Every structure is written in structure tokens, then in C-alpha cells.
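Please read these numbers as outputs of a predicted model, since none were measured by experiment. Order of the sequence lines fixes the chain letters, A, B, ..., with proteins taken first and strands second; residue numbering starts at 1 for each chain.
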Amino acid sequence: MAAVPVITTRMLDRFEIAHALREIGALLELEGENPFKIRAYETGARALEGLSGDLATLVAEKRLTDIPGIGEALAGKIASLHLTGRSETLDKLRARHPPGILELLQVPDLGPKKIAALHAALGVATLADLEAACRAGRVAGVKGFGGKTQARILEGIERVRTRSADRRVLLADALLEAEPLVAHLRAAPAALAVELAGSARRGRETVGDLDVVAASHDPAAMADALAGSPGTVEVSSQGDTKITARLAGGMHVDLRVVPPEDFPTLLHHLTGSKAHHVKLRGIARDQGYTLSEWGLYRLAPENTDPDLPPDPSRKVPVESEEALYRALGLAYVPPELREDAGELEAARDGTLPADLVRLEDVRGMVHCHTTWSDGRATIEEMARAADALGIEYLTITDHSQTAGYAGGLTADRLRAQWDEIDRVQERVKVKLLRGSEADVLEDGALDWPDEILEELDVVVASVHSRMKMDEDQMTRRLVRAMSVPVFKIWGHGVGRLLLEREPYAVRVEEVLDALAASRGAVEVNGDPRRLDLEPRHLRAARARGIPIVLSVDAHSTGSLGYLRYAVTTARRGWVRRGEVLNTRGAAEFAAAVRPIGP
DNA sequence: GCCGTTTTCGGCCCGACTGTTTTCAGTCG
């Protein structure tokens with residue numbers, strides 16, 4: 001009997017496959033391939049990352065091409081990468097290039113053309129080669145390169161090595177730098193309007209650079225204002241309309257300055273996302289316009305030279321972002337939705353939700369810890385802080401008994417806490433609800449017996465232990481937990497800690513199916529490190545009719561402010577006001593979430 | 001590479017900034 005060949009490869013998940021597709025794209029780029037082909041790989045990678053459903057199912061049912069941006073060719077490569085961990089195309093590309101060549105693309109200002117030139121002239125194939133060539137002064141001698149470029153490359157190598165080049169920060173940390181800066185710029189006499197743009201405005205969970213746009217007739221004065229901001233460390237480049245600076249926290253900010261009539265289109269341009277723009281500009285073109293950051297122009301009837309600047313007489317005045325979408329026959333798309341995730345089709349068809357949840361719609365604070373478990377504030381301190389925010393009700397949800405590391409409450413302690421809640425209730429206006437963040441145990445049971453659940457007003461069910469289970473185990477565990485005949489709020493669904501810890505391995509859609517067949521809601525956890533469930537899963541939950549709860553997971557009075565991040569994340573998942581349980585009054589909310597019976 | 005109430009072929013978003021040029025290519029967002 002012939003020996004069975006040893007299988008040395010393994011299945012890849014969608015993130016690993018996306019990475020492989022980007023590697024193919026990068027290597028093709030080095031070979032000078034058609035830029036649109038390169039873009040197709042990026043589009044495919046992005047589509048995979050945004051996928052809500054189960055990749056294995058799509059591969060098995062040969063439905064990959066149902067995903068917009070994935071055609072026959074990419075589907076074949078994705079299936080191969082998923083099932084075997086390899087792709088013939090990628091293997092061949094890797095064989096044609098030195099293994100270190102891709103790290104050169106990480107160097108700022110170094111793209112495929114320059115890398116190819118350096119490789120041809122000097123044989124540079126790795127970061128180390130490049131550094132040696134720069135230090136020896138050989139790069140400056142290559143045609144098209146000079147002393148300044150050589151120095152910039154050396155700086156760039158340093159940035160790659162210290163990994164500060166593409167450092168991303170949490171949205172909340174980015175806003176901590178951005179909002180004071182915007183306020184400072186707005187105070188400048190030359191400023192007519194200043195807005196934050198970029199991924200921070202879209203509410204992305206992490207942010208790389210800050211983009212700020214200003215309306216002013218005096219760009220130089222605005223550049224001075226940026227240089228004079230307390231958070232600015234240095235101005236690193238300055239053109240007529242664009243100034244780049246580095247902030248104390250290490251982030252870079254791009255400030256763009258234009259006259260007020262160009263402000264709306266520039267703000268829109270800098271808000272992104274890139275994918276949203278590409279599609280929007282295609283729509284503009286279909287309708288006889290060309291759109292750029294400088295405005296909307298009617299295309300000339302005759303085919304004119306595309307390299308000529310647009311004819312000013314054909315410019316369409318655009319007084320706001322709303323007007324821009326309106327001019328193109330589209331409903332206004334709020335920044336949080338601009339990700340090319342179907343929002344432009346919906347804006348065209350009139351199916352874009354007009355009543356996305358807003359911060360002012362939320363009437364109750366859900367998921368709050370106190371000194372009874374691992375919180376830093378007492379019940380009364382939390383209650384008074386909520387009162388001060390104008391909140392109508394507050395759920396006290398300390399940890400359950402199994403969460404010993406977090407000071408989880410035993411049944412006796414929980415009952416004692418109810419007495420304390422009653423005492424505090426007499427002194428505060430905000431309505432206090434008795435709750436618990438009940439651990440989802442290893443076998444999927446909740447951490448409280450029925451006689452306790454019967455007396456609780458609200459239960460958040462969360463995984464806090466055995467987080468490294470494999471996907472089948474974790475899915476079974478959560479499906480069982482979400483199937484118990486109790487109303488439960490699925491707490492911080494996939495357990496990710498942004499920039500720190502990967503999500504649990506779990507098939508979210510199966511858990512949502514179980515929840516939809518039982519009674520419960522999903523949480524949008526506003527802790528800036530979590531923002532969980534994430535938008536694509538929120539859309540999957542909404543599609544199943546599962547209600548949403550916006551929570552703060554507060555461990556202090558200050559973290560009641562996390563509500564804004566829960567709202568932003570929910571909007572990114574297209575969540576409407578009516579779908580959010582804690583936009584309702586206290587009595588209605590309590591009736592909706594009561595774990596057992598009336 | 002993908003995609004299609006104009007198209008199965010021929011399109012595919014658009015401009016700012018830098019450095020090295022003497023009119024432009026490369027990179028970036």
C-alpha cells in the first residue's frame with residue numbers, strides 16, 4: 001500500500017486569506033501589473049474581511065462569487081487558500097521574487113517602481129540591503145534618486161523597524177487628541193469652519209492618522225494655528241493647501257485648507273472611505289459628472305483630454321454634504337455608513353435607514369459594575385453620575401459567582417446588593433434595575449439558578465473564561481447559552497480587545513440563529529477596547545429581528561461616557577432607534593428584558 | 001482582477017506633494 005502523503009498545509013481563515021490576496025497584489029504591483037488588477041485583489045481582500053457569514057459554507061456551496069468584488073478567478077484562489085492553505089499563483093509569484101522584497105514596500109515613499117529600480121541598479125532585495133546601500137551613499141547615485149530621497153529612505157527604514165509607521169490607536173484615544181486640536185483650530189481668527197474628517201469621523205474602531213479640514217481664506221494662518229496647537233510637536237510638510245504635523249501622542253495629522261465654497265466637497269473627500277468614494281465617483285460619472293475633492297463638475301459633451309483641469313464654468317455649486325448626495329440622486333449617507341457596504345445602493349433605492357440611533361435617543365445605561373465586584377464607584381456614585389447625565393434608568397450588573405477574579409457575587413452577596421440598591425433608590429432619581437453579568441459557563445449554562453434569575457430585572461450573559469476553546473466548542477457553548485429559556489443580553493459577543501486580543505473563535509451567525517429562536521438581545525459594548533458586537537455582526541443580528549442594547553460596561557463613573565462609542569458602533573451597523581431596547585422608557589425596557597416571566 | 005437597463009469588451013476616481021527634473025514620475029490617501 002502506497003504511503004499517504006503527509007499534508008503539510010492547513011486551512012486558512014478569512015483574515016489569513018485576505019492577507020495572502022494582498023501579498024499577491026503587492027507582488028503583481030512589483031511586476032508592474034495593471035493597477036486595476038491590483039485593486040481587484042485589494043477589493044477581494046476587503047470583501048472577505050467584511051464577510052459576516054461562514055466562509056466554509058460559501059466555499060462548499062461554491063457561492064463565493066455571490067460576494068461583490070469576487071469573481072471566478074478570485075473565488076478559485078480563495079477556495080484553494082481556504083482548503084489547502086496555498087495558491088498556485090502565490091507560490092509562483094513568491095518563487096520569482098526575493099523573500100525580503102515585500103518588507104521594502106513598508107518603507108514610506110518607497111513604492112514598486114522605486115524598489116524595482118533599486119533592485120535592478122544595486123541588487124537591493126531586503127531592508128538590510130537597502131540600509132547598507134543608503135549608508136554607503138549608493139542610492140543617491142541611482143538615476144531618479146538623490147540625496148534627499150536617500151535620507152528619507154533611511155528615516156523610513158527606522159520607522160518600519162520601530163513599527164511606528166502604521167501604528168493605530170483606539171478611536172477614543174484618537175479623539176482625545178483630535179477634539180482639542182479641532183477646538184484650537186476653530187478658535188483661530190482665520191477659521192470659518194473646521195471639522196474632523198477621516199476614519200475618526202466615520203467612527204472606525206481604530207485610527208491611523210487624523211484628517212482635519214478647514215474653510216479659510218488664509219491657509220498660512222491656519223498652518224500657523226496648527227503649528228501653535230499645544231499638541232503639535234512638529235510640522236513635517238507644508239504645501240499651499242495641505243499641512244502635515246506630528247502630535248505629542250505620536251499620531252500624524254493632515255490639515256487641508258480651502259475657501260468655504262470648496263469645504264463641503266473636501267470634507268466629504270477626506271472623510272472617506274476610499275471604497276465609498278470610488279463607487280460614488282463611478283455613480284457621478286454614470287450621471288455625467290466628475291467628482292473630486294475640488295467639487296462636482298458636469299462632464300463636457302465631447303471627449304476632451306482627461307489631463308486638462310476641469311472647466312470652472314461647468315462646476316456645480318455644492319453647499320453641503322447633503323447637497324452633494326442629492327445632486328447625484330442619492331439620500332444622504334451619514335459618515336459612519338460610508339464603507340461601500342451597500343449604503344450607496346440603499347441611498348439610491350431609498351432604503352437607507354433615516355432613523356439611525358442617536359446619542360440623545362438613549363434613555364438607560366445598561367451593564368454597569370460597582371464596588372460590589374470590580375467597579376471603582378459605589379452604587380450611589382454611579383446613580384448620581386447617571387442622574388447628572390439626564391439618564392432615566394441604570395442597570396447594576398456586577399459579575400456572577402464564577403468570576404472570582406473579578407470579585408463575582410455569591411447568591412448571598414447578590415441579595416445583599418439588592419437591599420443596598422433599595423436604599424440608594426430612595427435617594428436618587430434614576431431608576432435602578434437589579435441585574436447581573438452572568439458568566440456563560442464552560443458547558444454553556446448561565447451562572448445562576450432559576451430562583452435567582454426570577455428575581456433579577458436584567459441579565460447580561462458573557463464569556464469570561466476558557467476563551468481559547470476551538471471554534472466548534474465555543475460555538476456549541478454559546479449556542480447553548482443563547483438557547484436557555486431566559487431573556488439574556490449577549491455581552492461583549494466575540495470577546496475581542498482591540499489591538500490586544502483576538503476575538504473568540506466562534507461562528508457568530510449560528511449563535512445569532514440560536515438567540516433569534518430563543519429570547520434575548522445583543523449588546524453593543526461601548527468600551528473603546530471592545531466595540532463588540534462589531535457592525536457586520538450587528539447587521540446579521542438585525543436581519544434576524546434580534547433587538548439591540550447599547551451598553552457602557554462601565555467600571556467607573558467616567559466610563560458612563562462610553563455610551564457615545566456604543567452609539568457610533570451601532571450606527572456603523574445600520575441600527576435604527578426602534579431596534580434599540582434602551583431607547584424605551586424604564587418600564588417598557590424592564591418589561592422587555594425581564595429574564596423570567598412577568 | 002471585476003463588472004454590465006449603454007457594454008461579454010473596455011472601461012475602471014482623482015488630485016496634492018516631493019524630489020529630481022527642465023516638464024514629470026512616483027507615491028500617497
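- Across all strands, A:R285 comes closer than 4.0 Å only to sugar-phosphate atoms, never to a base (heavy-atom distances).
- A donor-acceptor pair shorter than 3.5 Å cannot be found between the side chains of A:E509 and A:H537.
- Between the CD atom of A:Q106 and the C1' atom of B:dT27 there is a distance of 14 Å, given to the nearest Å.
- B:dT21 and B:dG26: their C1' atoms are spaced 13 Å apart (whole Å).
- DNA chain B is contacted by both A:L270 and A:F36; A:F36 maps to the nucleotide lying nearer its 5′ end (nearest heavy atom per residue).
- Closest approach to the A:A40 side chain among B:dG1, B:dT18, B:dC14 is made by B:dG1 (side chain taken as heavy atoms from C-beta onward).
- Of the P atoms belonging to B:dC17 and B:dC12, the separation is 25 Å, rounded to the nearest Å.
- Atom C1' of nucleotide B:dA25 and atom NZ of A:K143 are separated by 11 Å, given to the nearest angstrom.
- Contact annotation for A:Q150: no contact, since no heavy-atom pair falls under 4.0 Å across all strands.
- Interatomic distance, CG of A:L130 versus CZ of A:R135, reported as 10.5 Å (0.5 Å rounding).
- Residue contacts shown for A:G147 are limited to sugar-phosphate atoms, with no base heavy atom under 4.0 Å away.
- In this structure a side-chain-to-backbone donor-acceptor pair under 3.5 Å is missing from A:S199 to A:V207.
- Side-chain atoms of A:D209 lie closest to B:dG29 of the nucleotides B:dG29, B:dC13, B:dT18.
- Atom name C1', nucleotides B:dC28 and B:dC13: the rounded distance is 14 Å, in whole Å.
- If you take atom C1' in B:dT8 and the same atom in B:dC3, they sit 10 Å apart, rounded to whole Å.
- Note on A:R152: every side-chain N or O is 4.0 Å or more away from OP1 and OP2 of B:dT27.
- Across all strands shown, A:P35 has no heavy atoms under 4.0 Å from either base or sugar-phosphate atoms.
- We find that CG of A:N34 is positioned 11 Å from P of B:dC13, with the value rounded to whole Å.
- Between A:T43 and B:dG1, a side-chain N or O to OP1/OP2 separation shorter than 4.0 Å is absent.
- Between B:dT6 and B:dG1, the two P atoms lie 28 Å apart (nearest whole Å).
- Across all strands shown, A:E33 has no heavy atoms under 4.0 Å from either base or sugar-phosphate atoms.
- When the P atom of B:dC12 is taken as reference, atom NE2 of A:H277 falls 18 Å away, rounded to whole Å.
- Under the Watson-Crick or G-U wobble criterion, with both distances below 3.5 Å, B:dT27 is paired with B:dA16.
- Between A:A191 and A:R186 the shortest heavy-atom distance is CB-O, 4.1 Å.
- A:R496 places a side-chain N or O within 3.5 Å of a backbone atom of A:L531 that can act as its donor or acceptor partner.
- Between the A:S216 side chain and the A:A190 main chain, a donor and an acceptor come within less than 3.5 Å of each other.
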For this session: List the steps and the verdict of side-chain hydrogen bond (donor to acceptor under 3.5 Å, both in side chains) for A:E293 and A:H268.
Result: CA-CA 8 Å; A:E293 64 227 73; A:H268 183 268; over 6 Å; no
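- With rounding to whole Å, A:L118 atom CG is found 10 Å from B:dT27 atom P.
- Considering only side-chain atoms of A:K113, the nucleotide from B:dG26, B:dG1, B:dC17 that sits closest is B:dG26.
- The distance between atom OH of A:Y41 and atom C1' of B:dG1, rounded to the nearest whole Å, is 6 Å.
- A:I38 comes within 4.0 angstrom of no nucleic acid atom, judged by non-hydrogen atoms across all strands.
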Exercise. Side chain to side chain contact (heavy atoms under 4.5 Å, CB included) between A:T43 and A:L74: does it pass, once the steps are laid out?
Worked result: CA-CA 10 Å; A:T43 304; A:L74 277 179; over 6 Å; no
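- Comparing B:dT18, B:dC2, B:dC13 against the side chain of A:K274 picks out B:dC13 as the nearest.
- Near-neighbour residues of DNA chain B inside residues 322-337 of chain A, defined by a heavy atom below 4.0 Å, are absent.
- Nearest nucleotide to the A:K37 side chain, out of B:dT27, B:dA16, B:dG1: B:dG1.
- Straight-line distance from the CG atom of A:L299 to the C1' atom of B:dC13: 12 Å, rounded to whole Å.
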Exercise. Does the side-chain hydrogen bond (donor to acceptor under 3.5 Å, both in side chains) test come out yes or no for A:R201 and A:T271, once each step is laid out?
Worked result: CA-CA 7 Å; A:R201 182 171 181 233; A:T271 298; 2.8 Å; yes
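- Of the listed nucleotides (B:dT20, B:dG1, B:dC14), B:dG1 has the atom at the smallest distance from the side chain of A:L74.
- Closest approach of A:R571 and A:P334 over heavy atoms only: NH2-CB, 3.8 Å.
- Nucleotides B:dT20 and B:dA25 have their C1' atoms positioned 10 Å apart, rounded to a whole Å.
- Taking side-chain N and O atoms only, A:T290 has a distance below 4.0 Å to OP1 or OP2 of B:dC14.
- Side chain of A:P112, nearest nucleotide from B:dG29, B:dT27, B:dC17: B:dT27.
- Remark: A:T244 is not in phosphate contact with B:dC17, judged by side-chain N or O atoms under 4.0 Å from OP1 or OP2.
- One atom, CG of A:L48, and another, P of B:dG1, lie 15 Å apart when rounded to the nearest Å.
- Mapping A:G282 and A:D286 onto DNA chain B by nearest heavy atom places A:D286 closer to the 5' end of the strand.
- Residue A:K77 has its side chain nearest to B:dG1 when only B:dG19, B:dG15, B:dG1 are considered.
- Distances were taken from every side-chain heavy atom of A:T241 (C-beta onward) to each of B:dG1, B:dG26, B:dC17; the shortest belongs to B:dC17.
- The nucleotide whose nearest atom lies closest to any side-chain atom of A:K114 is, among B:dT20, B:dC14, B:dT27, B:dT27.
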